[in-house]
2 protein chains.
Amino acid sequence: MLKINIDYNLEDTVYRQIYNQIVEQIASSNIHPGDKIPSSREMAGVLNINFHTVNKAYQLLRENGIIELSKNKRYIISKKNKTGDAVDDFKKRETDIINEAMVKGLNSDDIIKTVKNILNLKGGG
Amino acid sequence: MLKINIDYNLEDTVYRQIYNQIVEQIASSNIHPGDKIPSSREMAGVLNINFHTVNKAYQLLRENGIIELSKNKRYIISKKNKTGDAVDDFKKRETDIINEAMVKGLNSDDIIKTVKNILNLKGGG
DNA sequence: ACACCTGTTATATATGTTATATAACAGTTT
DNA sequence: AAACTGTTATATAACATATATAACAGGTGT
């Protein structure tokens, strides 16, 4: 079941943590396209936060095509479909963090290895 | 010379754009370790923004060890030295954006290719 | 010595974001 | 009908962003 951990010590906002962790669980095949996610009120109750905060995470997931409304007013995980926007967005964000990593002393090998390591943990998990 | 473009249409804050673009120019060997960067007031004047906004970008660069104060009170680009924090930080941010890319339909090949592409543009530039 | 530059600190203000707290509404499920 | 869903609307408090001044210590160049 979809388990979210909120850490108020992190710099990330609460709705961003919810967003990233739902994405993570889809990426890890913990939840799958078509699956329902908890209602914003239910999730908020479990996490002991306001349902608007959960709502904001859900709205952002919806804007990015990661979840969608089913006919019975429940959010479900969308099917994957690689859009140009998704590719462009990835490239842009990737460029920024690779730049920073290299400026901090990591080399191409470090970066490739780290990326492959992250991918292997998913593929081989 | 260090050229920064501020785009108020982007979601990124102004000081984050300054931060990322300075990092980008170091990564691209447009500026090098030891080089001075413009004073916050000078940069602010050119960009027509408040010098505190530039200052915030500089403070963040300094906290991350990317620039440092020279003896004559000028910020200069730091030498690269790969710290454990830098590696951990890269891995954490990388994981989040790879997760999202895969959920949006990119596969391992797409990701590796994009990363190699970004690295080649720098190495082969 | 002087004016001028540097980064830093302090205050104040305006605007936007984040998170909470209620309330209400239309539609679905049971 | 009762209980649930997402959505919209208001209000509030705390924080982040960006601007506007002002002042200070220290380095630079004349």
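The figures here come from the full heavy-atom set of this structure, side chains too, leaving out hydrogens, waters and symmetry mates. Letters A, B, ... are given to chains in the order of the sequence lines, protein chains preceding strands, and every chain is numbered from 1. Not measured: the values here are computed from a predicted model.
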Say whether [X] and [Y], considering side chains only, have a donor N or O and an acceptor N or O under 3.5 Å apart.
| X | Y | result |
| --- | --- | --- |
| A:S70 | A:N72 | yes |
| A:S28 | A:E24 | yes |
| A:Y15 | A:Q59 | no |

Exercise. Which part of the nucleic acid, if any, lies within contact of B:Y15, taking any heavy atom under 4.0 Å across all strands shown: a base, the sugar-phosphate backbone alone, or nothing?
Worked result: sugar-phosphate

For this session: Just call it for B:Q59: base, sugar-phosphate, or nothing, with non-hydrogen atoms closer than 4.0 Å on any strand.
Result: sugar-phosphate

For this session: Using five base pairs at each end, measure the axis-to-axis angle across the helix from C:dA1-D:dT30 to C:dT30-D:dA1 and round it to 10 degrees.
Result: 30°

Exercise. Applying the side chain to side chain contact (heavy atoms under 4.5 Å, CB included) test to A:Q25, which of A:N30, A:I77, A:D35 qualifies?
Worked result: A:N30

Seminar exercise, completed: Footprint ends on DNA chain D, 5' to 3', for atoms under 4.0 angstrom from a heavy atom of chain B, come out as D:dT17 to D:dT28

Exercise. Which whole-number value in Å describes the distance from B:K36 NZ to C:dG7 P?
Worked result: 11 Å

Exercise. Does anything in residues 60-79 of chain A reach DNA chain C, meaning a heavy atom under 4.0 Å, and if so which residues?
Worked result: A:N72, A:K73

For this session: Could you pull out all residues at least two apart from B:Y58 that satisfy ring-ring contact (aromatic ring centres under 6.0 Å, His included)?
Result: B:Y75

As an exercise, state the distance from [atom1] of [X] to [atom2] of [Y], rounded to the nearest 0.5 Å.
| X | Y | atom1 | atom2 | value |
| --- | --- | --- | --- | --- |
| A:K116 | A:I111 | NZ | CD1 | 13.0 Å |
| A:E100 | B:L61 | CD | CG | 8.0 Å |
| B:N55 | B:R41 | CG | CZ | 8.0 Å |
| B:N107 | A:K82 | CG | NZ | 5.0 Å |
| B:L47 | B:I49 | CG | CD1 | 5.0 Å |

Exercise. Where along residues 40-51 of chain B does a heavy atom come under 4.0 Å from DNA chain D, residue by residue in number order?
Worked result: B:R41, B:I49, B:N50, B:F51

For this session: Could you check if a side-chain atom of A:I37 sits within less than 4.5 angstrom of a side-chain atom of A:I76, using non-hydrogen atoms only?
Result: no

Exercise. Between A:L2 and A:P38, what is the shortest heavy-atom contact and its length?
Worked result: CD1-CD, 4.3 Å

Please tabulate, one pair per line, all N/O donor-acceptor pairs under 3.5 Å involving side-chain atoms of residues 85-97 of chain B, not counting sequence neighbours.
residue, atom, partner, partner atom, Å
B:K91, NZ, A:N117, OD1, 3.4
B:T95, OG1, B:K91, O, 2.7

